[in-house]
Amino acid sequence: MRYIKIAHFLSLDVVWGTLAFQALIHEIFLKELPSLPEQISLGCAVWGIYLLDRMIDRKKGIHQDERHLFQSKHGSVVQILLFVLLLLGGLSLVYLDSRLIFFGFGLCACMLIYWIAWFYGILSHIWFSKEFLTAFIYAVGVGASTWYRLSWSIWAISTAILIFLLVLQNLAMYTLWEREKIGPWKFNDHWKHILLGAELCFVILFIGLIFYFDEKIAFMPFAITFAIQSWIHYFSKNKLASRLWGELAYCSPILYFAYEFFSK
């Protein structure tokens, strides 16, 4: 359990979940797994982004949870990790399709603009901006190796929106809980409505998608992740303590691939 917590403090659970959903989206639309360079590039990008995001929070004096405190205590290790991730991610670009590289650079540019705006407080006047932008970037990035290969279709867009809603549920849930722990906040009721709206939209869209796709079992990881997050939202007494399980819920596609392996 100690090593799982360390992995959580380093945001490795987020990386595992992202790679699991990358493989699932690839399987749903392309009927194959992403290549190793595609997995490495996404893993390095996601891990680097989360470590840098915590670093920016620390620069702004924000220490929201144990992850911030852990990474602050081991700042030199985090910096070495970032250098290794930059090197490994850069080497993986040699083996990627040029279209995916341009897609990724475009997404990185959006992320950089978002970071600058957040660091200098440009987005502080828009109270929901951080959560919505994070959910959007995640939904686009997690399936980047799939999206760039597809022509525009309502089903690909709908799946991306499904991921967006799933991540928004996660972020809204913890934002609301953190704000309630601090004290009364004028936007608490708004966040409750956003959280409920995200959950309702997810259920409606999920039902529509499983009716369209023949391989309905492939969408079960979405349902499992949603169910775990909903359980934390409605039944967990300490949502911040349950954050680890909320992050590990995104590893649920592993259950689908295990089912596929043993059912053959």
Side-chain angles (χ1 to χ4, degrees), residues 8 11-26 28 42-43 45-54 57 64-65 67 104 107-108 110-111 114-115 118 123 126-147 156-179 190-206 209 219-234 236 239-240 242-254 256:
H8 174 61
S11 299
L12 261 176
D13 47 359
V14 178
V15 179
W16 297 335
T18 303
L19 292 176
F21 263 95
Q22 178 200 37
L24 180 66
I25 297 167
H26 227 76
I28 290 173
L42 179 64
V46 171
W47 200 5
I49 285 170
Y50 269 80
L51 292 177
L52 279 172
D53 195 54
R54 299 287 179 271
D57 284 345
Q64 295 176 335
D65 54 32
R67 288 181 297 183
L107 198 58
C108 286
C110 293
M111 192 73 214
Y114 158 67
W115 268 336
W118 175 249
L123 298 177
I126 309 174
W127 52 271
F128 57 83
S129 59
K130 194 172 191 290
E131 289 74 16
F132 273 76
L133 287 172
T134 300
F136 171 78
I137 291 170
Y138 186 97
V140 175
V142 72
S145 60
T146 302
W147 306 141
I157 294 172
S158 297
T159 304
I161 294 174
L162 199 68
I163 298 170
F164 168 83
L165 292 170
L166 202 60
V167 177
L168 182 61
Q169 179 196 24
N170 181 290
L171 296 172
M173 180 171 62
Y174 289 111
T175 296
L176 179 60
W177 182 259
E178 287 164 358
R179 292 294 181 175
H190 295 304
W191 271 117
K192 290 177 182 177
H193 296 150
I194 287 174
L195 186 53
L196 181 60
E199 291 170 345
L200 288 174
C201 289
F202 178 92
V203 171
I204 294 169
L205 188 56
F206 177 80
L209 283 171
F219 279 86
M220 287 305 102
F222 288 89
I224 292 170
T225 305
F226 177 78
I228 292 174
Q229 291 184 167
S230 297
W231 179 84
I232 294 172
H233 176 203
Y234 291 105
S236 176
K239 293 179 178 61
L240 293 180
S242 302
R243 187 188 287 271
L244 170 61
W245 304 110
E247 303 290 6
L248 288 176
Y250 285 82
C251 296
S252 56
I254 295 173
Y256 165 74

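- Heavy atoms only, all atoms of each residue included: Ser252 and Ile224 are closest at CB-CG2, 3.9 Å.
- Atom CZ of Phe136 sits in a sparse spot, with 12 or fewer heavy atoms from other residues, nucleotides or ligands closer than 6.0 Å.
- The heavy-atom pair separating Leu42 from Thr18 by the smallest distance is CD2-CG2, 3.8 Å.
- The ring pair (Phe, Tyr, Trp, His ring centres under 6.0 Å) search around Phe222 returns Phe21, Phe219, not counting sequence neighbours.
- Here the closest non-hydrogen pair linking Tyr256 and Pro221 is CB-CG, 3.8 Å.
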For residues 163-173, dump all side-chain donor-acceptor pairs below 3.5 Å to protein atoms at least two apart in sequence or in another chain.
from	atom 1	to	atom 2	distance (Å)
Gln169	OE1	Gln229	NE2	2.5
Gln169	NE2	Glu199	OE2	3.2
Gln169	NE2	Ser230	OG	3.2
Asn170	ND2	Gln229	OE1	3.2

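- Side-chain contact check for Leu248 versus Trp245: some heavy-atom pair is nearer than 4.5 Å.
- Minimum interatomic distance between Ala20 and Cys251 (heavy atoms only, all atoms of both residues): CB-CA, 4.2 Å.
- For the pair Trp147/Thr159, a side-chain contact is recorded, criterion being any heavy-atom separation below 4.5 Å from C-beta on.
- Side chains of Ile49 and Tyr138 form no contact here, defined as non-hydrogen atoms less than 4.5 Å apart.
- The shortest side-chain heavy-atom distance between Tyr250 and Asp13 does not fall under the 4.5 Å cut-off.
- Phe226 is linked by a ring pair (Phe, Tyr, Trp, His ring centres under 6.0 Å) to Phe202, counting only residues two or more places apart in sequence or in another chain.
- The minimum heavy-atom distance between Ala160 and Ala139, with the atom names listed, is O-CB, 3.5 Å.
- How far CG of Leu12 is from CD of Glu247: 11.5 Å, rounded to the nearest 0.5 Å.
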